[in-house]
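For reference, the structure is listed below as structure tokens.
Indexing begins at 1, ligand by ligand and atom by atom, following the structure's order. Note: hydrogens, waters and symmetry copies are ignored here, and every other heavy atom, side chains too, is used. On a predicted model such as this, the values are computed, not experimentally measured, just so you know.
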Amino acid sequence: MKQHTDARSYGMDHPVDLPTSRMSWPRPSAASAFVERRSRLSRFLGGAALLPAGFAPPRNFPANRYAFRAESHFLYFVGAQVEGAALWIDPERAILYAPRPHPDAALWTGEQRSLEQLAEACQIEVRPIEELAPGVDVALVPPQGAETALWLAELLDRDVTAGGGDELAGRDAELADALIRVRLQHDAAAIDQLKQAAAVTALSHRAGMSSTRPGLREANVRAAMEAAILGSGMSPAYGSIVTVHGEVLHNEHHHGVLGEHDLLLADVGAETPEGWAGDVTRTWPVSGRFSSTQRALYEVVLAAQASALAALGPGVRYLEVHRAAGRRLLGGLIELGIVRGDLEDLYARGAAALFFPHGVGHLLGLDVHDMEDLGDRAGYAPGRARSAAAGDRYLRLDRDLLPGMAVTIEPGFYQIPRLLSDPAELGDLREVVDWNVLGRFADVRGIRIEDDVLITENGYEVLTESIPKHPDEVERLVSA
Ligand code: GLY
Ligand code: MN
Ligand code: MN
């Protein structure tokens, strides 16, 4: 393993050995990409803004901590994980205020970069954090970390609450809008990061499929998938979902045993050291063979995904992509005899949402749900708001798509007991479901198929295309 000697390197704020000769990732972005991003943001600002990196929360004493992951807006404009730092940016300049290396760091965590080295690596003026004057007047967007919020509140002598991006006003709202303007359409460096995340996410899903055997636990498959990510120098982009209970949409448990007749749903993605995410779901049969009922419903979900993908392109309203998936899913359920009636009438009455209650996808970027720290401000175009309708309520994106945006496309079919057995949820949809036919599909609890897509000038590119999803291909890989 050779010492990575480029000016830019990953690590908290010290150079890290990267096995650059043997792996094509993770590849850092050039410092010039961040210089360019800062100068674009400066052009959209009316005054000064502060973007903090944040702090790693302690577990039980200060040196036993959760892994540090810088706040995303900081990462976007600095590209380095510098704990305790903050980026000052105004219409004329950008300054990185950073803590000097702690004298004990060389003993406990390894030599850290000096402020001069940081300035060289990030191509930015760096000053010691103590020079950030208390009480300065700057715009902020809410940080995620509670400790960061406290630090900012004390420094700036104003109320700062972690989270809560929906309630911004005045200059803070203007800053949020400027951030969205810069970040919504990904630049070349971002696209390169997304492609790296997609490549490692693909390794992870292949590892998951080929490690699956009846009798293992969900945790074993999760371990194989995360090993592929960690071994590639990345980390999971979010809490991995690896479960035979796919009907629990964000299942956080991994103790289940894989039964011979189960489907396994894996929603797992890699994150590059600069914070760019992959977000992919595949669903496969534990035995390596779909039952006829599992295959029939799997093909319905795959067709719904194909309809959503076919609808994508610049200028397309994402709500219509969501509806294309819902209609195709419902059409498939009608063909299988699970629901009865006229497709348009059933769709309008919310029948698709009984089995597909979530949105077809969301923005993807420097986080699995890019910029959702700003509430619906990033996902919803000005003048648009979430609909209260059952099928649309959880849709996180309703913009007209633009080249350079990245989104997920992730329809699913689920038999969720709360939706299907609660008379209040069902209402008059109870009569449109053929419960006898549905009963024959009891070996399908949850199927989701999710890919990451970049919108281009002329259409779109599926970044995660290489991950098998055709049922024959999935069967081959699981059985191999
Ligand atoms: N992995 C979370 C999601 O798909 O939104
Ligand atoms: Mn997703
Ligand atoms: Mn996902």
- prompt: Between Phe55 and Phe68, is the ring centre distance below 6.0 Å?
  reply: no
query: Can you list the protein N, O or S atoms less than 2.8 Å from the Mn ion (ligand 2)?
result: Asp279 OD2, His362 NE2, Glu410 OE2, Glu450 OE2
task: Would you mind telling me which of Arg328, Arg448, Lys469, Glu410 makes a side chain to side chain donor-acceptor pair (under 3.5 Å) with Gln305?
output: Lys469
Would you mind listing each N/O atom of ligand 1 next to any protein N/O under 3.5 Å, plus the distance?
{"residue": "ligand 1", "atom": "1 (N)", "partner": "Asp267", "partner atom": "OD1", "Å": "3.2"}
{"residue": "ligand 1", "atom": "1 (N)", "partner": "Asp267", "partner atom": "OD2", "Å": "3.1"}
{"residue": "ligand 1", "atom": "1 (N)", "partner": "Asp279", "partner atom": "OD1", "Å": "3.0"}
{"residue": "ligand 1", "atom": "4 (O)", "partner": "Asp267", "partner atom": "OD2", "Å": "3.4"}
{"residue": "ligand 1", "atom": "4 (O)", "partner": "Asp279", "partner atom": "OD1", "Å": "3.4"}
{"residue": "ligand 1", "atom": "4 (O)", "partner": "Asp279", "partner atom": "OD2", "Å": "3.2"}
{"residue": "ligand 1", "atom": "4 (O)", "partner": "Glu410", "partner atom": "OE1", "Å": "3.1"}
{"residue": "ligand 1", "atom": "4 (O)", "partner": "Glu410", "partner atom": "OE2", "Å": "3.4"}
{"residue": "ligand 1", "atom": "4 (O)", "partner": "Glu450", "partner atom": "OE1", "Å": "3.4"}
{"residue": "ligand 1", "atom": "4 (O)", "partner": "Glu450", "partner atom": "OE2", "Å": "3.2"}
{"residue": "ligand 1", "atom": "5 (O)", "partner": "His362", "partner atom": "NE2", "Å": "3.1"}
{"residue": "ligand 1", "atom": "5 (O)", "partner": "His369", "partner atom": "NE2", "Å": "2.6"}

task: For the pair Glu344 and Arg327, find out whether any cationic side-chain nitrogen is under 4.0 Å from an anionic carboxylate oxygen.
output: yes
Glu247 versus His245, side-chain donor and acceptor atoms under 3.5 Å: yes
task: Verify the distance criterion only: is there a donor paired with an acceptor across the side chains of Asp373 and His73 at less than 3.5 Å?
output: yes
- prompt: Can the ring centroids of Tyr414 and His358 be said to lie less than 6.0 angstrom from one another?
  reply: yes
message: Against Ile334, only a single residue in Val339, Val432, Leu329 fulfils side-chain contact (heavy atoms from CB on, under 4.5 Å); can you say which?
response: Val339
message: If the test is side-chain contact (heavy atoms from CB on, under 4.5 Å), which one of Val280, Thr408, Thr281 qualifies with Thr464?
response: Val280
- prompt: Would you call the rings of His253 and His255 parallel, tilted or perpendicular, where under 30° means parallel and over 60° means perpendicular?
  reply: tilted
